[in-house]
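This report refers to the structure that appears directly beneath it.
Along the sequence shown, residues are numbered consecutively beginning with 1. Just so it is clear, the model here is predicted, and its values are computed rather than measured.
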Amino acid sequence: MEKTQTRPASSLGMFDLLKGVGMLTIVFAHTAESYAIGTTTDITPFTFYLFAYRESLMAAFFIASGYGFRKRSIGKCISQQLQMLLKPYLISGVLASLLHYICHYAAFGSHESALVETWKVFGGFALGLPHTAEYFGHTFFSCGPMWYLLALMIGWIVLDVILNVFPERYVPWTVLAAACLGWGITLAWNAPFCIAQGLVVTPYLYLGFLAKKKKLFESKFPLPLTLGLWAAFVVVGVLVLLTRSTDCVSLGEWTMGPVSILLDGAVGLGLLAVFLKLQRFDNFLTRAVQSIGRRSLHIFCVHTVELTAIPWYLFASHFIEYQTLGLAVQFAVSLGSVLIICELLARWRDVKIAYKAKKRRQAPRRRAYAARH
């Protein structure tokens with residue numbers, strides 16, 4: 001029998017297993033997009049597995065973030081989000097642009113071409129584009145997985161504004177209105193800085209906020225709620241098979257518009273509940289996946305730099321006849337390099353923390369010595 005490990009529903013690492021599985025899935029899905037077997041133009045069993053519930057998984061990430069949401073003054077919320085999310089976004093954008101220039105020049109040997117293509121990458125980060133778009137008569141690339149950080153930052157600020165401005169009885173309707181506004185923006189305009197995506201994910205953050213407030217994960221789900229979540233799961237899958245298309249937040253695509261946005265949120269809530277139950281099992285595999293989940297922010301940033309800068313399409317071109325092999329090798333190299341760099345960053349952070357703690361301990365001794373002399 002498996003040894004079980006209980007974890008309080010309010011503890012910091014309660015969603016680590018979900019985040020770990022999500023990180024592995026995201027890296028694998030981005031890798032698969034370089035190969036014909038991973039394209040979403042045709043729904044096969046493989047692509048259905050990869051992409052049918054992709055946005056439900058992203059919704060689960062936002063709900064998990066909303067679980068830690070706490071209303072504060074609007075100014076303090078903005079300051080906190082700029083420090084926590086915008087700072088790593090900017091660092092990742094600069095590093096991705098520099099490494100892109102180096103890799104492009106190394107691959108093609110042209111400074112001019114490298115500068116032109118890198119300008120498109122840098123412009124995409126500067127504008128915060130969730131997908132490739134044309135601005136000022138020039139084409140700019142997307143900011144890659146970093147759209148998630150921008151959407152999270154904007155969604156968090158929007159939710160804080162709503163909770164501060166509107167009476168509680170109007171908050172759910174205002175949150176829904178924000179999501180509909182975001183969806184409408186995607187139909188009319190390629191909005192920069194992931195504004196539309198940030199508005200769309202506001203209900204997910206609010207759902208996480210309510211889950212914490214109502215202690216939803218600390219007891220068994222009511223039967224009607226459980227049945228409703230299963231129904232949403234089935235409906236999402238059926239819609240993918242009928243329409244032969246999948247939802248995509250970053251591209252602003254939803255099969256049934258606002259209805260699909262809400263369905264993805266319902267399935268995301270169900271995923272959180274399932275992974276909370278699975279996280280009770282303590283073994284080597286779950287601990288390894290949880291350790292990946294604890295570094296989800298670092299993985300997002302490093303994976304963005306790696307995915308944006310390295311011309312993986314050149315690597316994939318060598319495996320046209322061996323798609324599965326190429327996919328497996330690229331995934332192993334990509335994930336392995338990301339995890340190694342994240343481990344080095346974690347070690348560096350630990351060294352910095354230890355060094356600062358040592359300086360704090362030594363400071364009183366220096367002051368005492370100076371006073372005596």
Side-chain angles (χ1 to χ4, degrees), residues 22-23 25-27 29-31 33-34 40 51 54-55 57-59 61-62 65 78 81-104 114-158 182 185-186 189-202 204-205 247-253 296-313 334 337-338 341-342 345:
M23 289 297 99
T25 303
I26 287 169
V27 175
H30 287 158
T31 303
E33 288 174 350
S34 299
T40 55
F51 301 112
R54 169 181 55 188
E55 301 318 312
L57 180 61
M58 296 309 303
F61 268 72
F62 287 110
S65 177
I78 294 174
Q81 294 306 301
L82 291 177
Q83 177 66 25
M84 292 179 59
L85 298 178
L86 187 60
K87 183 178 178 180
Y89 173 84
L90 294 175
I91 293 173
S92 300
V94 171
L95 292 177
S97 300
L98 290 174
L99 187 58
H100 180 275
Y101 173 82
I102 294 171
C103 291
H104 197 282
L115 283 172
V116 170
E117 296 302 310
T118 300
W119 169 247
K120 296 177 182 178
V121 171
F122 180 78
F125 276 98
L127 292 169
L129 298 180
H131 55 85
T132 299
E134 186 172 310
Y135 269 79
F136 317 115
H138 298 279
T139 298
F140 295 102
F141 298 144
S142 76
C143 60
M146 283 290 101
W147 73 266
Y148 171 82
L149 292 189
L150 286 182
L152 179 60
M153 180 181 70
I154 292 173
W156 197 289
I157 294 172
V158 169
I185 290 174
T186 63
W189 183 34
N190 292 320
F193 311 117
C194 297
I195 294 172
Q197 285 71 19
L199 290 168
V200 165
V201 305
T202 305
Y204 304 153
L205 297 172
D247 298 338
C248 185
V249 178
S250 61
L251 295 178
E253 297 175 351
S296 56
L297 177 59
H298 283 162
I299 292 175
F300 257 116
C301 295
V302 176
H303 176 53
T304 295
V305 174
E306 163 258 327
L307 184 68
T308 303
I310 299 176
W312 284 114
Y313 55 89
S334 177
S337 60
V338 167
I341 294 173
C342 288
L345 289 174

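Shown here are the side-chain contact (heavy atoms from CB on, under 4.5 Å) partners of Leu150, two or more places apart in sequence or in another chain: Leu86, Tyr89, Met153, Cys194. Looking at residues two or more places apart in sequence or on another chain, you find a side-chain contact (heavy atoms from CB on, under 4.5 Å) between Leu251 and His131, Cys248, Glu253. Residues satisfying the ring pair (Phe, Tyr, Trp, His ring centres under 6.0 Å) criterion with Phe300, sequence neighbours excluded, are Tyr148. Residues satisfying the ring pair (Phe, Tyr, Trp, His ring centres under 6.0 Å) test with Trp147, not counting sequence neighbours, are none. Scored by the side-chain contact (heavy atoms from CB on, under 4.5 Å) test, Ile91 finds Lys87, Leu95 as partners (sequence neighbours excluded).
If you take CG on Leu85 and CH2 on Trp156, they are separated by 8.5 Å, rounding to the nearest 0.5 Å. Here the CZ-OG1 distance, from Phe141 to Thr308, works out to 10.5 Å after rounding to the nearest 0.5 Å. For the atom pair Asp247 CG and Met58 CE, the distance stands at 13.0 Å (nearest 0.5 Å). One distance of note links SG of Cys342 with CG of Leu297; it measures 9.0 Å at 0.5 Å rounding. Rounding to the nearest 0.5 Å places OH of Tyr135 at 12.5 Å from OG1 of Thr139. The CG atom of Leu345 lies 5.5 Å from the NE2 atom of His298; values are rounded to the nearest 0.5 Å.
When all heavy atoms of Ser337 and Ser334 are compared, the closest pair comes out as OG-O, 2.9 Å. Nearest approach of Phe193 to Ile154, heavy atoms of both residues: O-CD1, 2.8 Å. In plain terms, the two heavy atoms of Pro192 and Leu129 that are nearest each other are CA-CD2, 4.2 Å. Closest approach of Leu199 and Gly182 over heavy atoms only: CB-CA, 3.8 Å. Residues Pro130 and Ala191 approach most closely at CD-O, 4.0 Å, considering heavy atoms. Closest non-hydrogen pair, Pro88 versus Gln83, comes out as CD-O, 4.0 Å.
A side-chain N or O of His303 and one of Glu306 form a donor-acceptor pair less than 3.5 Å apart.
Within the 4.5 Å cutoff, the side chain of Phe51 has heavy atoms near those of the Glu33 side chain.
Checked by atom type and distance alone, the side chain of Ser65 never pairs as donor or acceptor with a backbone atom of Phe61 at under 3.5 Å.
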The test is side-chain contact (heavy atoms from CB on, under 4.5 Å); show your working for Ile341 and Val305 and say whether it passes.
CA-CA 11 Å; Ile341 294 173; Val305 174; over 6 Å; no
Val27 vs Leu307, test: side-chain contact (heavy atoms from CB on, under 4.5 Å). Steps then yes/no.
CA-CA 9 Å; Val27 175; Leu307 184 68; over 6 Å; no
Please test His30 against Ile26 for side-chain contact (heavy atoms from CB on, under 4.5 Å), starting from the C-alpha separation and ending with a verdict.
CA-CA 6 Å; His30 287 158; Ile26 287 169; 3.5 Å; yes
Working note: Phe125 + Thr304, criterion side-chain contact (heavy atoms from CB on, under 4.5 Å); need CA distance, chi angles, decisive distance, verdict.
CA-CA 11 Å; Phe125 276 98; Thr304 295; 3.7 Å; yes
Which donor-acceptor pairs under 3.5 Å do the side chains of residues 116-124 make with protein atoms, sequence neighbours left out?
{"from": "Glu117", "atom 1": "OE2", "to": "Lys120", "atom 2": "NZ", "distance (Å)": "3.4"}
{"from": "Thr118", "atom 1": "OG1", "to": "His100", "atom 2": "ND1", "distance (Å)": "3.0"}
{"from": "Thr118", "atom 1": "OG1", "to": "Tyr101", "atom 2": "N", "distance (Å)": "3.4"}
{"from": "Thr118", "atom 1": "OG1", "to": "Ala114", "atom 2": "O", "distance (Å)": "2.7"}

